[in-house]
Amino acid sequence: MSATVTTATSPVPSLTSVFVRLKLSLLKNGLRQSGGRTAAYLASIVFGTFLAVVAVLGFVLLRGHADAVTVAVLLTGVLSLSWTVMPLFIPSGDETLDPSRLVMLPLQPRPLVRALLVASLVGVGPVLTFVVVLGASVAVAHGAAGTVIAVLAVPLAAVTCVALSRSVAAANVRLLTSRKGRDLALLSGLVIAVGMQLVNFGAQRLGRAGGLEALEPATAVVGWLPPAAAIGAVDSASRGDYAVAAARLLLTAAALVGLLYWWQRSLVRLMVEPDGSTIGAAADAGADEKSGTGRLARMLPDGRTGAVMERSLRYIWRDPKTKAAWVTSLAVGLIVPLFNAFQGTGSIYFACFASGMLGIQMYNQFGQDTSAFWMVAQTISTTADAYAELRARALALLSITLPYTTVVTALTAGVLGDWSAFPEALGLAFGLLGAMMATGAVTSAVFPYSIPQDSGYKNVAPGQGGLAWMSIMGGMILGGLLCAPLIAATVYLHVSGRQSLLWLLLPAGALYGGLLVLAGLKLAAPRTAGRLPEILAAVSKG
């Protein structure tokens, strides 16, 4: 008697559905880690929904307007540009879709690209992009032909934006995930700072030009660049130019196919080729050593002060996140006063913006050390030790901020041609810098928080967002209040007609700022020495 064994096999789920469920599970589990992450995600949803509603309402109001095509096409172009550069400046923005984590799995490139693309469409960003593109098509679609083309153009443009972002990320994933490559992220602060000022400058010039007609040449060019070409196709179909509409739509579709092919080739290289992104790191390190390790040390004081200053300055040069913060502060601190001065709308007092941006670098001093702070904590046993540590860190920052503030103030005065106001502006800048340094020392001891090193975009560990806000915002408000005597003296001398005495604000501001720094260090030292365990636990959380 023979027995027949029947094996029931369950259907194998498709790779796409597996990746979508994986994306949703990772998002859900990530939100469970802390209330701060959940609140941030909900806030992003609310903010994204608000932007989407405003964009759609704006496009609906533009419908039928002469400039509707200009706004719709250019906004779609800016949106696609944002998707392009986002992976370069935020390399870890979506950790759930990092293809380097899949190299050990037996996956075929074509199904993998399809699964990653569909999973990439799950999130706030893609949905917001789809809604904005939908609003843009509503603004320019007229008639049956325009509506039909819009039905095809909207999903095509949104998917092309996502594919563009993923293709760029996959092509540069090894560079962006290496330690040396993460230095690229420091450019984000400079690009954002310059971009904001260029937008401001362009908006003012556009306002003086009297309308959006000046942007029509740019619209004609961007309207042929995918995925903005899809919105241009909707406009062409609405005007009866069916051949042009078909050409623009096919151009966008061809761009999507090309991006997917590029993405697939990048994934193949990632899966089969060895990682050589960090080859030569040892040689570069050796070259750095030969170029003069002790050159910086010879310029600094002896003892603990010089050692701590050297450590702080090397952090600024070598640590990617510290370097990014400094580049952003230096760029914004220079660009804001100079751009406003060049436009003729600025004031020499805008130079104080540099002091404020650089003074922020004194905040969360121990969090910048991350878990390595335990080595520093071993050297602090008394209030005097804590004072020496904080004083040396402040001196390291002042070695950069003092000359930089002076240069920015001088350049602003030169552009404005207002050298008579240079002493008072520099005195106010020195006073604000001293106030920021003083409050930064205190908040570093009272509100320390961790800066995660495993992520290129997170600057605060989950659950510590409130500490970061209290530290930075509270310190900045208190720093502004501490500058009230200098501001009052400046106003009094101007109102009373004693302009000949305004030069006294330079030595007064320098002296007042120095006294504030000393007072802040004296207040922070006992708190640092008495809260070492709490500080160490807070900065090591991430």
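Position 1 is the first residue of the sequence, and the numbers go up from there.
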Fill in: Carboxylate-amine/guanidinium contact Arg311 Glu389, below 4.0 Å
yes

Worksheet item: Out of Leu506, Leu486, Leu511, Leu505, which residue meets the side chain to side chain contact (heavy atoms under 4.5 Å, CB included) rule with Phe430?
Response: Leu506

Item to complete: For the pair Thr382 (side chain) and Asp385 (backbone), establish whether a donor and an acceptor sit closer than 3.5 Å, ignoring hydrogens and angles.
Response: yes

Discussion item. Donor-acceptor pair, distance only, cut-off 3.5 Å: does the side chain of Ser167 make one with the backbone of Leu259?
Written reply: yes

Discussion item. Could you check whether any side-chain N or O of Ser444 sits under 3.5 Å from a backbone N or O of Gly440, counting only pairs where one atom can act as donor and the other as acceptor?
Written reply: yes

Worksheet item: Ignoring hydrogens and geometry, is there a side-chain-to-backbone donor-acceptor pair from Tyr349 to Ala425 under 3.5 Å?
Response: no

Worksheet item: Has the side chain of Lys23 got a donor or acceptor atom that lies under 3.5 Å from a matching backbone atom of Val122?
Response: yes

Practice prompt. Verify whether one side chain among Ser329 and Gln361 offers a donor that lies under 3.5 Å from an acceptor in the other.
Written response: yes

Discussion item. Just checking Trp419: does its CH2 atom have more than 12 heavy atoms from other residues, nucleotides or ligands closer to it than 6.0 angstrom?
Written reply: yes

Worksheet item: To the nearest 0.5 Å, how far apart are CD1 in Ile400 and OG1 in Thr405?
Response: 11.0 Å

Worksheet entry | Short side-chain donor-acceptor distance under 3.5 Å, Asp418 and Ser420 | yes

Fill in: Under 3.5 Å: donor-acceptor pair, side chain of Arg391, backbone of Leu521
no

Discussion item. Is it the case that the side chain of Arg393 and the backbone of Gln365 share a donor-acceptor pair, with hydrogens and angles ignored and the cut-off at 3.5 Å?
Written reply: yes

Discussion item. For a 4.5 angstrom cut-off between non-hydrogen side-chain atoms, does Tyr363 reach Thr439?
Written reply: yes

